[in-house]
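Sequence lines set the chain letters: A, B, ... in the order given, protein chains first and strands last, and positions in each chain run from 1.
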Amino acid sequence: MMIQRVRGTRDFTPQDMSRRRQLEDLLRRISRDYGYREIQTPVLENAELFVTKSGPGVLNEMYSFEDKGGRAIALRPELTAPIIRFYVNDLTNLPMPLKLFCISSCFRYEEPQSGRYREFYQYDVEIIGSEKAEADAELLLLADDLCRRLGLNEVEFRIGHVGIIRGLLDAAGMPQDRQSELLRLVDKKKLDEARAYMLSEGVSEADAGDILATCQKKGDREVLKGLKGEASEYLERVIRLAEKGGASNLSLDLGVVRGLDYYTGLVFEIDAPELGAEKQICGGGSYALAELFGGQPVQSTGMAFGFDRLILAMEKTGQLAPEEGIELFILAVTPAQSEEMVRLAGGARKAGISTEFDLMGRSMSKSLKYASSRGARYALILGEREMAAGKVLLRDMDNGEQSEIGIGSVVDELRQRLAVR
RNA sequence: GCCGGGGUGGGGUAGCGGCAUCCUGUGGGACUGUGGAUCCCUAGACCCGGGUUCAACUCCCGGUCCCGGCCCCA
């Protein structure tokens, strides 16, 4: 009986990994360009960490279990909570701002569908320690830059601020502790229910109408005109800074809010419309989680990209290069040349030339075919006749041209030819 | 958790109550060491479990997995 892969998980072929590595390389490069440093946390965490952050409901959507010591353990469903836990545990003495990123797998017990798996990968970026608009703006700059480098020209940013609606609710007389429920309804676009809820909480008909109208405002900075209060001023400033920094895709959507209490300010999402139902590639915002995990209060802002969805989007836009082949394949025409084959491979590898030699003892035709399938740039053919004269045949696999070269000059010749390309 | 559509060699397919087709890929061989070609050979499959039937890959039921959508999305 064949053993099946666990539902919602994937194996990655060499070709898959070549593509995923390309994206990882790009993410690491852009992170470095912006001064973020990579960290890694365990796949396993105490389930309590996520329950504390997101409520007991998440237990239903997590892989959680009791270990042999009776501890409640979970496979991490996201990266923000572990990173902040790490910070609270060990990193509080590092100079602020602490700019960190992480590319890792996460797990959620949900129904798999397009762009959605039970094991999935996230690229998470966090700035810990700043409460300034500059921090939020930098995050948007990085996100915008990343989308551009990925060739995602259709992306839609939806940027909001939880303080805008909360401010209006304060003014309308709704107590703070009743507001989260309303934000949840707005987040889910259940505006009728939101209206009913506001009225039941004593908000006037007129105020409720204003608030719902505000929730539906979308567009450029113009939508902030006429809004008063710190939140809209702050948001305006973030957008202005990000645009000065070169961001060009930004747009506002004041209906983007979060019902969870630790969100403190900016909140945003990014969609890649070409992906269909599961089109959101990024979610982010500023939050105060450290004190929730038992640390000193610290303001943070961060975002998480869905790695797998970025790959999907890049596939749709044709951004991924084909897998790279090797540079050299060496074959011995008869076993008598095997030792020389291995010796030459060693020299080439030492010189940084990616090299394979024949491991199968196959005929020349089969070996050349294999070399071709491996994308080899050159083949080195070790034949009795040439070897007797101290030479070998170097075959250019792109055009089939061959030339005899001295055994001693193989590495130099290859270095020269490969450098020209 | 719910609703569609699907599971035939590794990949792609044909068939559809009785013989499972082809392509490709894999391994081997031939072709005097120019043959990444061509030719030949070998291996390799009806998702699982029940039911109907003389007979099930085919029809029915259940499960499972995949694809897509809903819910959810920290």
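Residues from residues 119-130 of chain A that place a heavy atom under 4.0 Å from any atom of RNA chain B: there are none. Of the residues in residues 286-302 of chain A, none lies under 4.0 Å from RNA chain B by heavy-atom distance.
Of the two residues near RNA chain B, A:R5 and A:L382, the one whose nearest nucleotide lies more 5' is A:L382.
Atoms CG (A:L275) and C1' (B:G68) sit 14 Å apart, rounded to a whole Å. Rounding to whole angstrom units, CE of residue A:M387 and C1' of B:G33 are separated by 14 Å. A:L368 has its CG atom 15 Å from the C1' atom of B:C31, to the nearest Å.
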Show each protein N/O and nucleotides 23-27 of chain B N/O combination with a separation under 3.5 Å, one pair to a line.
residue : atom : partner : partner atom : Å
B:G27   : OP1  : A:R362  : NH1          : 3.1

So which protein nitrogen or oxygen atoms get under 3.5 Å of nucleotides 70-74 of chain B's nitrogens or oxygens?
residue : atom : partner : partner atom : Å
B:C71   : N4   : A:R116  : NH1          : 3.2
B:C72   : O2   : A:E110  : OE2          : 3.2
B:C72   : O2   : A:R116  : NH2          : 2.3
B:C72   : N3   : A:R116  : NH1          : 2.8
B:C72   : N3   : A:R116  : NH2          : 3.0
B:C73   : O2'  : A:R108  : NH1          : 2.8
B:A74   : O3'  : A:Y263  : OH           : 3.3
B:A74   : O2'  : A:K53   : NZ           : 2.2
B:A74   : N7   : A:R108  : NH1          : 2.8
B:A74   : N6   : A:R108  : NE           : 3.4

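Across all strands shown, A:N60 has no heavy atoms under 4.0 Å from either base or sugar-phosphate atoms. Contact annotation for A:G400: base contact, defined as any heavy-atom pair under 4.0 Å involving a base atom. Within 4.0 Å of A:G285, counting heavy atoms only, lies no atom of the nucleic acid at all.
With respect to the salt-bridge test (charged N to carboxylate O, under 4.0 angstrom), the residues A:R149 and A:D145 qualify. Salt-bridge annotation for A:R417 and A:E413: present, with a side-chain N of the basic residue lying under 4.0 Å from a carboxylate O of the acidic one. With salt bridges taken as basic N to acidic carboxylate O contacts below 4.0 Å, none links A:D16 and A:R10. With respect to the salt-bridge test (charged N to carboxylate O, under 4.0 angstrom), the residues A:D253 and A:K217 do not qualify. Salt bridge status for A:R19 with A:E315: present, with a side-chain N to carboxylate O gap under 4.0 Å.
Residues passing the salt bridge (charged side-chain N to carboxylate O under 4.0 Å, His left out) test with A:K99 are A:E138, sequence neighbours excluded. Evaluation of the salt bridge (charged side-chain N to carboxylate O under 4.0 Å, His left out) rule for A:E111 yields A:R7, A:R118 as partners, not counting sequence neighbours. Not a single salt bridge (charged side-chain N to carboxylate O under 4.0 Å, His left out) links A:E61 to another residue, sequence neighbours left out.
Residue A:R7 places at least one side-chain N or O under 4.0 Å from the OP1 or OP2 atom of B:C66. Residue A:S365 places no side-chain N or O under 4.0 Å from the OP1 or OP2 atom of B:G36.
The stretch residues 63-88 of chain A participates, sequence neighbours left out, in these ring pair (Phe, Tyr, Trp, His ring centres under 6.0 Å) pairs: A:Y63-A:Y109. Residue pairs meeting the salt bridge (Lys or Arg N to Asp or Glu O under 4.0 Å) criterion with at least one member in residues 347-356 of chain A, sequence neighbours excluded: A:E356-A:R374. Each ring pair (Phe, Tyr, Trp, His ring centres under 6.0 Å) pair with one or both residues in residues 310-342 of chain A, not counting sequence neighbours, appears once here: A:F329-A:Y370. Judged as a ring pair (Phe, Tyr, Trp, His ring centres under 6.0 Å), not a single pair has a partner in residues 257-301 of chain A (not counting sequence neighbours).
With both pairing distances under 3.5 Å, B:C65 is matched to B:G6 as a Watson-Crick or G-U wobble pair.
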For residues 272-286 of chain A, which side-chain N or O atoms pair as donor and acceptor with protein atoms under 3.5 Å away, sequence neighbours left out?
residue : atom : partner : partner atom : Å
A:E278  : OE1  : A:R309  : NH2          : 2.9
A:E278  : OE2  : A:Q113  : NE2          : 2.7
A:E278  : OE2  : A:R116  : NH1          : 3.3
A:Q280  : NE2  : A:C282  : O            : 3.1
A:S286  : OG   : A:G265  : N            : 3.3
A:S286  : OG   : A:L266  : N            : 3.2

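Nearest to the side chain of A:R395, among B:G28, B:U34, B:G69, sits B:U34.
A cation-pi contact links A:R20 to A:Y121, judged by a cut-off of 6.0 Å to the six-membered ring centre and 45° from its axis.
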